[in-house]
Amino acid sequence: MSESSIKIENVVASTKLAEEFDLTVIESEFEGAEYNKQKFPGLVYRVSDPKAAFLVFTSGKVVCTGTKNVADVHTVVGNLAKKLNSIGIKTIEDPQITVQNIVASADLHTILNLNAIAIGLGLENIEYEPEQFPGLVYRIDEPKVVVLIFSSGKLVVAGGKSPEDCERSVEVVRQQLDSMGLL
Amino acid sequence: RLRKWQRRIRVSNATERNLAFALSELDRMASALGLPRTVRETAAVVYRKAVDKNLIRGRSIEGVAAAALYAACRQCSVPRTLDEIEEVSRVSRKEIGRTYRFISRELALKLMPTSPIDYVPRFCSGLNLKGEVQSKSVEILRQASEKELTSGRGPTGVAAAAIYIASILCGERRTQREVADVAGVTEVTIRNRYKELAEELDIEIIL
DNA sequence: AGATTACTTTTGAAAGC
DNA sequence: GCTTTAAAAAGTAATCT
């Protein structure tokens, strides 16, 4: 009875592909790579296989953002390693990839009264400033995520470490709102 | 001993100096916004509580003062927008908002979001609209709230749209531009809101 | 008056200021 | 705290036709 039908919108992950990188070399070899040390210490590289964006650092660490799946992260990181190898840069064999953040969207399919929800969840537990942003911000401890609740019934879950975290948090919100008769 | 006393006096001086500066800042901003004494006093109370809880650490006095004033306006039901507070303060709206969230949480102010209704008196007087239009605006806003037409929308935009409609219904029409200017929103926003209100509340607007 | 583009909020890592 | 990346939600805004 809890098919939350979460849609993962973005996955952020980090890994280490080498002990060090010469970003200047990568910038000249990789088409479209952007590197401005005074602007940002990392090199920006975008791929469209599965769409993703990388932030490559001189320390050999890499941040991957933009994929819609956890599986795609492994795919694109693998592709990046191959691409680096092809220009003569060696990389670590089985890099440990850590998913740092998952952003997902969901829909409760009901118009919501955010003022009532603010009181119901407790003003000390939420942030709702329609003057600045239309969504109500609700921070959950277990799983530790942040849920943005909109009057349309749509939700955005940010901060999850796994797809399961996102689904669980939507259920937590759904159950809490339901128990207060706010659905 | 003597050294300890000197230090205590020094700290005391700095603390008092900072408090005096903060209070003068509150006065300056409140005057610029034409806020009544009660709001300034409320802001001063909020600021003092923030000092007592050491919430100023890592934050600028100006920022906390601006946030305290913003909070006080809301507590007194005479809200000013973050943009209005920003205009008379020396800090960015982003910092005022961030500091407001912080002291609001730490001092457990538990403020509900600003109600569009609280903007009606000020906006109407700014448009030289009298009691009848104000009452009609409030009536429209009450209905709008019941029909879930205000959740997630900017309070000033909703208030502006209601006043725009009320002014027409009362035969004292104000243009979207005039209402937009006093409310600090764009004509596009008033248009979007009033169309929604008119449609959902079945209000016929004949121009 | 549309249409477009863009900014508001949230999350997380990276290295450095 | 900031800088950079990506992404959704819905509202508001700036600019162009």
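We name chains A, B, ... by the order of the sequence lines, and we start the count at 1 in each one.
Looking only at atom types and distance, the side chain of Thr42(B) has no donor-acceptor partner in the side chain of Gln75(B) under 3.5 Å away. A donor and an acceptor atom, one from each side chain of Gln134(B) and Ser137(B), are nowhere located under 3.5 Å apart. Side chains of Gln100(A) and Ser14(A): a donor-acceptor N/O pair is present below 3.5 angstrom, by distance only. Side-chain contact, Glu167(A) with Ser5(A): no donor N or O sits under 3.5 Å from an acceptor N or O.
For the segment residues 139-152 of chain B, the set of residues with a heavy atom within less than 4.0 Å of an atom of DNA chain D comprises Gly152(B), in numerical order. The stretch residues 28-66 of chain A touches DNA chain D through Lys39(A), Phe40(A), Arg46(A), Lys51(A), Ala53(A), Leu55(A), Thr65(A), Gly66(A), each having a heavy atom within less than 4.0 Å of the strand.
A heavy-atom distance below 4.5 Å is found between the side chains of Phe54(A) and Val76(A). Looking at heavy atoms from C-beta onward, Leu55(A) lies in side-chain contact with Phe40(A) at the 4.5 angstrom threshold. Residues Leu155(A) and Leu148(A) have side chains not in contact (no heavy-atom distance under 4.5 Å, counting atoms from C-beta outward).
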* Asked: Going through the distances and angles, do Phe123(B) and Tyr164(B) end up as a ring pair (Phe, Tyr, Trp, His ring centres under 6.0 Å)?
  -> CA-CA 11 Å; Phe123(B) 291 170; Tyr164(B) 173 69; over 10 Å; no
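Base contact: Val156(A) has a heavy atom under 4.0 Å from a base atom. Using a 4.0 Å heavy-atom distance criterion, Val185(B) is classed as a sugar-phosphate-only contact. Contact annotation for Arg59(B): no contact, since no heavy-atom pair falls under 4.0 Å across all strands. Across all strands shown, Lys68(A) has heavy atoms under 4.0 Å from sugar-phosphate atoms exclusively, and none from any base. Residue Gly184(B) is in sugar-phosphate contact alone, with no base atom involved, counting any heavy-atom pair closer than 4.0 Å across all strands shown. The residue Arg98(B) sits close only to the backbone: its heavy atoms come under 4.0 Å of sugar-phosphate atoms, none of a base.
Taking 4.0 angstrom as the limit, Ser152(A) places a side-chain polar atom (N or O) nearer than this to OP1 or OP2 of dA10(D). The phosphate of dA14(C) has neither OP1 nor OP2 within less than 4.0 Å of any side-chain N or O from Ser14(A).
Annotation: cation-pi pair Arg59(B)/Phe102(B) present, NZ/CZ under 6.0 Å from the ring centroid and within 45° of its normal.
Of the candidate nucleotides dA13(C), dA1(C), dA10(D), dA1(C) has the atom nearest to the side chain of Arg191(B).
Regarding Glu9(A), its CD atom lies at a distance of 18 Å from the P atom of dT10(C), rounded to whole Å.
Each of Gln132(A) and Asn10(A) was matched to the nucleotide of DNA chain C holding its nearest heavy atom; the match closer to the 5' end belongs to Gln132(A).
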